[in-house]
Amino acid sequence: MSPETACAYFLYPRRNGNSAQTVTALPGATPLAFRYQGNVLRGYTAGSGTKTVLLVHGWESLAAHLHGFAQALLQAGFRVAAFDAPAHGDSEGAQGHVVEMGKAVLASREAIGTIDAVIAHSAGSPASLYAMTHGLNAGASVHIAGPASFERVLQRFAQACGLDEAGFIRFRGLVHEAIGIDPQQLEEDAIVRGLAHPALLIHDKADKEVPCEESRRLQARWPSAELMQVTGLGHRRIVQDPAVIGKAVAFLQQKLP
């Protein structure tokens, strides 16, 4: 695979279903739509609680994949909001990388209102952390199987694409140019800089897509974060596990002021 092809795969996600059925499956859910960079992003809000939790899905995923969290949060009395990121699910757009996702989170506040907490999976974790270091004030957050370093994400992706050292250098340069920010803003020291709210990191010890070491490194730089390590759930099934869902919701109930 050429560096250019690898870059296209990295920046332009494959769509994986839609989230429209989630609106009808959740009691009291109403469609949500707002504009970001000229595109309409679609999702839903549900519940009438005084605290709003935003669900942020991962790359090539969609809001519907976090349906279990939405149900549990509603039962616990929270208001829930979620949307398909740019170029994902029911939302418009072409590029869907972590910076686009993070900026979309910031843009969603006009339609959602105050966001009190975040539950984020995989690439949704650094995306939400980017948003938090750029103006999103969350009282608590939960991060599930998220990477802590953009550079290491690029390295793993390039390796999976079979790029040699020269190919990786070219690929990295193309991605850096496309994301439009200093990539150091997406490294572990920067994405938690200044964050003091309580956080829960959840990761499978044997995650083959995003190593658990990513959450360990993030916790080491985030004094108010705690780490919950699980086994046998992998990278994707972890967001469907009742114990993980229950722990995340209980954490927010305890930590939100």
Side-chain angles (χ1 to χ4, degrees), residues 12-36 39-49 52-98 100-105 107-109 111-113 115-128 131 141-147 202 204 207 209-210 233-249 252:
Y12 298 90
R14 298 165 296 180
R15 291 184 185 268
N16 186 7
N18 63 74
S19 289
Q21 69 272 23
T22 305
V23 176
T24 58
L26 289 172
T30 58
L32 169 74
F34 63 96
R35 286 196 170 272
Y36 168 72
N39 295 308
V40 177
L41 306 187
R42 299 182 175 90
Y44 67 88
T45 61
S48 56
T52 299
V53 181
L54 176 66
L55 304 178
V56 186
H57 67 74
W59 192 65
E60 293 190 340
S61 183
L62 62 161
H65 290 165
L66 301 178
H67 181 69
F69 289 93
Q71 289 181 311
L73 287 163
L74 289 175
Q75 291 173 1
F78 290 102
R79 177 174 177 257
V80 180
F83 63 91
D84 294 339
H88 289 75
D90 297 328
S91 291
E92 296 175 353
Q95 286 193 5
H97 53 78
V98 66
E100 289 294 300
M101 295 171 69
K103 290 181 177 179
V105 167
S108 74
R109 292 176 297 176
I112 295 171
I115 296 170
D116 299 287
V118 171
I119 297 178
H121 175 235
S122 192
S125 174
S128 61
S141 60
V142 179
H143 303 267
I144 304 168
I202 308 176
D204 190 298
D207 190 327
E209 295 187 42
V210 178
L233 297 176
H235 185 70
R236 300 183 187 276
R237 286 183 295 112
I238 193 170
V239 295
Q240 300 169 354
D241 182 74
V244 168
I245 293 171
K247 177 66 175 178
V249 174
L252 295 185

(request) Report yes if some heavy atom in the side chain of W59 is under 4.5 Å from a heavy atom in the side chain of S122; otherwise report no. (result) no
(message) Once ring-ring contact (aromatic ring centres under 6.0 Å, His included) is applied, do any residues pair with H97, and if so which ones, sequence neighbours excluded?
(response) none
(request) Measure the shortest side-chain to side-chain distance between D84 and R42 over non-hydrogen atoms and say whether it is less than 4.5 angstrom. (result) no
(request) Could you please spell out the steps behind the side-chain contact (heavy atoms from CB on, under 4.5 Å) verdict for V105 and F83? (result) CA-CA 9 Å; V105 167; F83 63 91; 4.2 Å; yes
(message) Nearest 0.5 angstrom please: L252 CG to F69 CZ, how far?
(response) 10.0 Å
(message) Run the salt bridge (Lys or Arg N to Asp or Glu O under 4.0 Å) test against R236 and tell me which residues pass, sequence neighbours left out.
(response) E209
(message) Strictly distance-based, threshold 3.5 Å: is any side-chain N or O of H57 a donor or acceptor partner for the main-chain N or O of A64?
(response) no
(message) Can you list everything that forms a ring-ring contact (aromatic ring centres under 6.0 Å, His included) with H67? Sequence neighbours excluded, please.
(response) none
(message) Run the ring-ring contact (aromatic ring centres under 6.0 Å, His included) test against Y36 and tell me which residues pass, sequence neighbours left out.
(response) none
(message) Within this structure, what is the CG-CG distance for the pair D90 and L32, rounded to the nearest 0.5 Å?
(response) 11.5 Å
(message) Using the rule given for side-chain contact (heavy atoms from CB on, under 4.5 Å), can you reason through L73 versus L55, listing the C-alpha separation, both sets of side-chain angles and the distance that settles it, and then say yes or no?
(response) CA-CA 10 Å; L73 287 163; L55 304 178; 3.8 Å; yes
(message) Tell me the closest heavy-atom pair linking T45 and A81, and the distance in Å.
(response) CG2-CB, 4.0 Å
(message) Applying salt bridge (charged side-chain N to carboxylate O under 4.0 Å, His left out) as the test, list every pair that has at least one member in residues 58-80; sequence neighbours left out.
(response) R14-E60
(request) Report the C-alpha separation of H235 and D204 in whole Å, then their side-chain angles, then the decisive distance to 0.1 Å, and conclude whether the side-chain contact (heavy atoms from CB on, under 4.5 Å) test is met. (result) CA-CA 7 Å; H235 185 70; D204 190 298; over 6 Å; no
(message) Please give me the minimum heavy-atom distance between P147 and A123, naming the atom from each residue.
(response) CD-N, 4.3 Å
(request) Determine whether I238 and H121 make a side-chain contact, defined as any pair of heavy atoms from C-beta on separated by less than 4.5 Å. (result) yes
(request) Locate the shortest heavy-atom distance separating G93 from N39; write the atom from each residue and the value. (result) CA-ND2, 3.5 Å
(message) Could you report the tightest heavy-atom contact between G102 and A131, atom names first, then the distance?
(response) O-CB, 3.6 Å
(message) Nearest 0.5 Å, please: how far is CD in Q95 from CD in E100?
(response) 6.0 Å
(request) Measure across V249 and A76 and return the closest heavy-atom pair with its distance rounded to 0.1 Å. (result) CG1-CB, 3.7 Å
(request) Starting at CD1 of I119, measure out to CD1 of I202 and round the result to the nearest 0.5 Å. (result) 8.0 Å
(request) With the side chain counted from C-beta on, respond yes when L54 and S128 share a heavy-atom pair under 4.5 Å apart, and no when they do not. (result) no
(message) Are the side chains of L41 and P86 in contact, using a 4.5 Å heavy-atom criterion?
(response) yes
(request) Would you name the heavy atoms of V40 and A33 that are closest together and state the gap between them? (result) CG1-CB, 4.1 Å
(request) Could you tell me which residues satisfy side chain to side chain donor-acceptor pair (under 3.5 Å) with D241, sequence neighbours excluded, listed by chain and number? (result) none
(message) Could you measure the distance from the CZ atom of F34 to the CD1 atom of I112? Nearest 0.5 Å is fine.
(response) 6.0 Å
